[in-house]
K.L.:
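Okay, handing you the structure first.
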Amino acid sequence: VILGRSSAVAPSVFRFPRGTPDPYTMWAISDKPENRGELLWIRDYPAPTNTLSLQLGPVDPVNRVWTMNEVETFQWRGYDLDTGDPLWGPTTTEFRDFQYFGGGEGAGQRAVTAYGKLYVAGYAGEVFCYDTTNGQLVWKYDNTDSGLQTPWGMIPIFIATIADGKVYLFNNEHSPNSPLYKGYSIYCVNAE
């Protein structure tokens, strides 16, 4: 499946500019050899209230779910990859404020899918695991308190890879202060 979006407003590469067009359009095209190029579905969705910016997230091939996150609220939504139907969301997990800075482009969380789960990490030093069938929080990891080593009291954490039932995490910061923060680590946590 090739998943895409359209809008009367020129979207950025990764997310709609501040706010989301109302409606916004998503579509899916088959990439199977027997019907390659066939439009599977096209749908208009209402924009979320309060001029929230939706950002396309990863696709879960296990449960055939595509995701979007609300940049300003850190909440996630799940949709059926085969029909475009909304399945769940927005999620209701509470985040530390610095989770807003999940990636290098200034806002919005970064996530990875594996084993039918959505794994989300970011600058707040937290990792969240959601079940992609229903959007429910499975677990949260936040053992990243830094004491006085960072101005905000925690160390940013990011997902390096997921393999063999394990999530490998690392501490990092795109523009570290000098002296460097102490206590940067690599972590391995159970994916379940």
Side-chain angles (χ1 to χ4, degrees), residues 1-6 14-16 20 22-32 34-35 38-50 52-96 99-100 102-103 107-122 124-143 157-169 187-192:
V1 171
I2 298 169
L3 181 67
R5 83 172 167 220
S6 307
F14 298 106
R15 68 174 175 264
F16 290 113
T20 301
D22 193 9
Y24 66 96
T25 304
M26 296 292 298
W27 44 264
I29 296 174
S30 175
D31 196 30
K32 291 180 180 177
E34 61 272 14
N35 64 341
E38 179 182 315
L39 180 66
L40 299 174
W41 56 264
I42 185 168
R43 303 240 345 219
D44 286 337
Y45 301 90
T49 58
N50 300 322
L52 294 174
S53 308
L54 290 179
Q55 177 171 279
L56 193 58
V59 172
D60 172 21
V62 174
N63 293 319
R64 301 196 57 76
V65 173
W66 58 276
T67 63
M68 293 190 89
N69 82 75
E70 297 176 358
V71 173
E72 295 84 0
T73 66
F74 322 141
Q75 295 175 313
W76 287 84
R77 300 165 180 249
Y79 302 82
D80 187 301
L81 187 59
D82 297 311
T83 65
D85 291 341
L87 296 174
W88 49 265
T91 54
T92 58
T93 307
E94 291 192 24
F95 291 86
R96 296 173 179 160
Q99 194 72 7
Y100 179 78
Q109 300 174 69
R110 296 295 169 265
V112 177
T113 60
Y115 313 119
K117 308 283 190 296
L118 175 72
Y119 300 89
V120 182
E126 299 175 303
V127 179
F128 298 87
C129 173
Y130 297 97
D131 185 323
T132 61
T133 61
N134 57 24
Q136 294 298 308
L137 181 67
V138 177
W139 55 260
K140 172 182 168 182
Y141 178 82
D142 65 355
N143 188 20
I157 194 166
F158 300 97
I159 299 168
T161 193
I162 300 175
D164 196 28
K166 300 170 185 74
V167 181
Y168 294 90
L169 308 163
Y187 309 83
C188 178
V189 298
N190 187 316
E192 294 299 318

K.L.:
Please evaluate residues Ile162 and Tyr115 with respect to the criterion side chain to side chain contact (heavy atoms under 4.5 Å, CB included), reporting the C-alpha separation (whole Å), side-chain torsions for both, the decisive distance (0.1 Å), and the verdict.
P.N.:
CA-CA 9 Å; Ile162 300 175; Tyr115 313 119; 3.5 Å; yes

K.L.:
To the nearest 0.5 Å, what is the distance between CG on Asp131 and CG on Asp60?
P.N.:
9.0 Å

K.L.:
What are the two closest non-hydrogen atoms of Tyr119 and Ala114, and how far apart are they?
P.N.:
CE1-O, 3.5 Å

K.L.:
Within a strict 4.5 Å, meaning less than it, do heavy atoms of the Leu52 and Gln75 side chains meet?
P.N.:
no

K.L.:
Does Thr20 reach the main-chain N or O of Leu54 with its side chain, forming a donor-acceptor pair under 3.5 Å?
P.N.:
yes

K.L.:
Before giving the answer on side chain to side chain contact (heavy atoms under 4.5 Å, CB included), spell out for Val127 and Ile157 the whole-Å C-alpha distance, their side-chain angles and the decisive distance to 0.1 Å.
P.N.:
CA-CA 8 Å; Val127 179; Ile157 194 166; 3.8 Å; yes

K.L.:
Identify the two heavy atoms, one from Met26 and one from Trp41, that lie closest to each other, and give their separation to 0.1 Å.
P.N.:
O-CZ3, 3.4 Å

K.L.:
With a 4.5 Å limit on heavy-atom distance, are the side chains of Pro58 and Val112 in contact?
P.N.:
no

K.L.:
Taking ring pair (Phe, Tyr, Trp, His ring centres under 6.0 Å) as the definition, give me every residue that meets it alongside Tyr45, ordered by chain and number, with sequence neighbours left out.
P.N.:
Tyr24, Tyr79

K.L.:
Tell me if a side-chain donor or acceptor on Asn134 pairs with a main-chain N or O of Gln136 at a distance below 3.5 Å.
P.N.:
yes

K.L.:
Any donor and acceptor pair, going by atom type alone, linking the side chain of Lys32 with main-chain N or O of Ser30 inside 3.5 Å?
P.N.:
no

K.L.:
Work out which heavy atom in Trp139 is nearest to a heavy atom in Val167; give both atom names and the distance.
P.N.:
CZ2-CG2, 4.4 Å

K.L.:
Is any side-chain heavy atom of Pro86 closer than 4.5 Å to a side-chain heavy atom of Met68?
P.N.:
no

K.L.:
Give a yes or no answer on whether the side chain of Trp27 reaches the backbone of Leu40 with a donor-acceptor pair at less than 3.5 Å.
P.N.:
no

K.L.:
Between the side chain of Glu72 and the main-chain N/O of Ser53, is any donor-acceptor distance below 3.5 Å?
P.N.:
yes

K.L.:
When rounded to the nearest 0.5 angstrom, what distance separates CG in Asp164 from NZ in Lys166?
P.N.:
3.5 Å

K.L.:
I'd like to know if the side chain of Thr113 and the backbone of Val59 have a donor-acceptor N/O pair within less than 3.5 Å.
P.N.:
yes

K.L.:
Atom CD in Glu126, atom CG in Asp142: separation rounded to 0.5 Å?
P.N.:
5.5 Å

K.L.:
Is there side-chain contact between Val189 and Leu169, with heavy atoms separated by less than 4.5 Å?
P.N.:
yes

K.L.:
Indicate yes or no: at least one non-hydrogen side-chain atom of Thr91 is less than 4.5 angstrom from one of Leu137.
P.N.:
no

K.L.:
Which residues satisfy the ring pair (Phe, Tyr, Trp, His ring centres under 6.0 Å) test with Tyr187, sequence neighbours excluded?
P.N.:
Tyr141

K.L.:
Flag the pair Arg43 / Asp85 as yes when at least one side-chain heavy-atom distance between them is below 4.5 Å, and no otherwise.
P.N.:
yes

K.L.:
Let me confirm one number: the OG1-CG distance from Thr25 to Asp44, rounded to the nearest 0.5 Å.
P.N.:
3.5 Å

K.L.:
If we only count heavy atoms from C-beta on, is the Leu56 to Trp66 side-chain gap below 4.5 Å?
P.N.:
yes

K.L.:
Quick one: CG on Asp31 to CD1 on Ile2, what's the gap to the nearest 0.5 Å?
P.N.:
4.5 Å

K.L.:
Say whether, by atom type as modelled, one donor and one acceptor occur between the side chain of Asp80 and the main chain of Asp82 under 3.5 angstrom.
P.N.:
yes

K.L.:
Which residues pass the side-chain hydrogen bond (donor to acceptor under 3.5 Å, both in side chains) test with Glu70, sequence neighbours left out?
P.N.:
Thr73, Arg77

